[in-house]
Amino acid sequence: MAVNQTPLFSRIRDIFDQGFTVDWISTIYVSLTHLIALIGAPFAFYYAPSELTPVIIGWIAIYFVFGGVSITAYCHRLITHQAANDISLPVHLFFGFVGQVLAMQGHIIRWSSNHVLHHGADKSGKHLLDPYSATWFPSTWQNFIWSHTIAHLINHPDSEEKDRAIAAKEKVKILRIQRRLYVPLIVLWVYITPFSVGYFLTGTLAGGLGLLAASLVGMILVQHNTWTVNSITHMWGFTRGLHSSALNNYLWLGPLGEGNHHADHHDCQTDYRNGFGWTGWLLDPTRYLLLSLRGLGLVKGLRSASKHVESEIIAQRRLRELETKSPSPLWSLWEQKLISAKADWLEKTRQWEQYCQQVKKLKKMSLPDFELQQRIEKLKAEIQQAKVNMQEARMSFFDTLSAYKQDMA
Ligand SMILES: [Zn+2]
Ligand SMILES: [Zn+2]
């Protein structure tokens, strides 16, 4: 279970005493689509003309990946967390008006404002406002079933925070248009298009129904893909020194990378990447999509945490981990040393970043090539020295940590 949180309820049905109500439309829709996908789809595939089989398999795969990245890259990182300064119209249309609709998790304003509340609960400590918390109940199965499915079938009580989160997203005109068109878009992309393509390719009703059933299978796969981030990555994983409700996983390869470093994401929400260091590069395929979109000029100004912020989060986690483990007299002896080592590392990182910023600024100035090279050349030695200082200070911080651990042993 996630760290530092006590359960709010003893049974799931206790939520109804707090003003929660069943969202019957979502409950019936999700139940029916799951039933049809699990029981009806195998029959539809069996009776569909055999030449349609590769199309059915291909459509399920495309649906799953396209719906998944539209949630993780577009709806989550670009829209909810504003990981880019500028998002072009084709990106909105492709991912927002097609892919996000295929994912069937509510229109963008609803999805995004709920997710803002999910992160806000960590900061404010108001965990009752989290739309899919994995910490409300005493047992693992209750938390899993709530965060993974039931939370999405329930109307949560209104709150000022909820109104504010919705109002912030409503400021964006294209999101208001998507909300207005959401139901017609569902009918078009999830139902009419696959049915028509299946019917057109085979000339039979069974062909149309076969591809329609493939849509429903793709839909529930995408839904469980996203819900896994809400449930699993808030319940199991690396816990040392973390303070958010999320956890990090270094082996889990699910949800298109969103779940692997979920604690890093909770600590650094506006970062277009999910995960620090080399494991972030390895386990976060969504960032490659965002970098490709930037390369094509379709999004501009991707935001990422500065080295200074990243180092601060890492150092803070290490200190918090030791503080909780340590007998208090020993901690008070070492605390100041560790805090100074951390401050020194962060200061040296800040200095190195300042030099890098200077070079960036110079490159943006319209200087003649010769003058630009000369000025950069002058800074080179100082940058190199600043980098060495930063690396030494980092090493010194970790050496101090090791010395402390030895003292504890
Ligand atoms: Zn989360
Ligand atoms: Zn998030």
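Both counts, for ligands and for their atoms, begin at 1 and track the order of listing. We count residues from 1, following the sequence as given.
Counting only N and O atoms by type, the side chains of Gln105 and Thr226 include a donor and acceptor under 3.5 Å apart. Side-chain contact annotation: His34 with His224, donor-acceptor N/O pair under 3.5 Å present.
Each of Leu78, Ile79, Ile177 was checked for a side chain to side chain contact (heavy atoms under 4.5 Å, CB included) with His92, and the lone residue meeting it is Ile79. Considering Arg273, His119, Arg77 as possible partners of His265, the one that fulfils the side-chain hydrogen bond (donor to acceptor under 3.5 Å, both in side chains) test is His119.
Taking 2.8 Å as the threshold, His234 counts as a candidate ligand of the Zn ion (ligand 1), since one of its N, O or S atoms lies below it.
Lys342 forms no cation-pi arrangement with Trp345, by the criterion of a distance under 6.0 Å to the ring centre and an angle within 45° of the ring axis.
Angle NE2 (His81) to the Zn ion (ligand 2) to NE2 (His115): 100°, rounded to 10°. Vertex the Zn ion (ligand 2), arms ending at NE2 of His265 and NE2 of His76: the angle is 90° after rounding to 10 degrees. With the Zn ion (ligand 1) as the vertex, NE2 of His118 and NE2 of His262 span 160° to the nearest 10°.
His266 has its closest N, O or S atom to the Zn ion (ligand 1) at the position named NE2.
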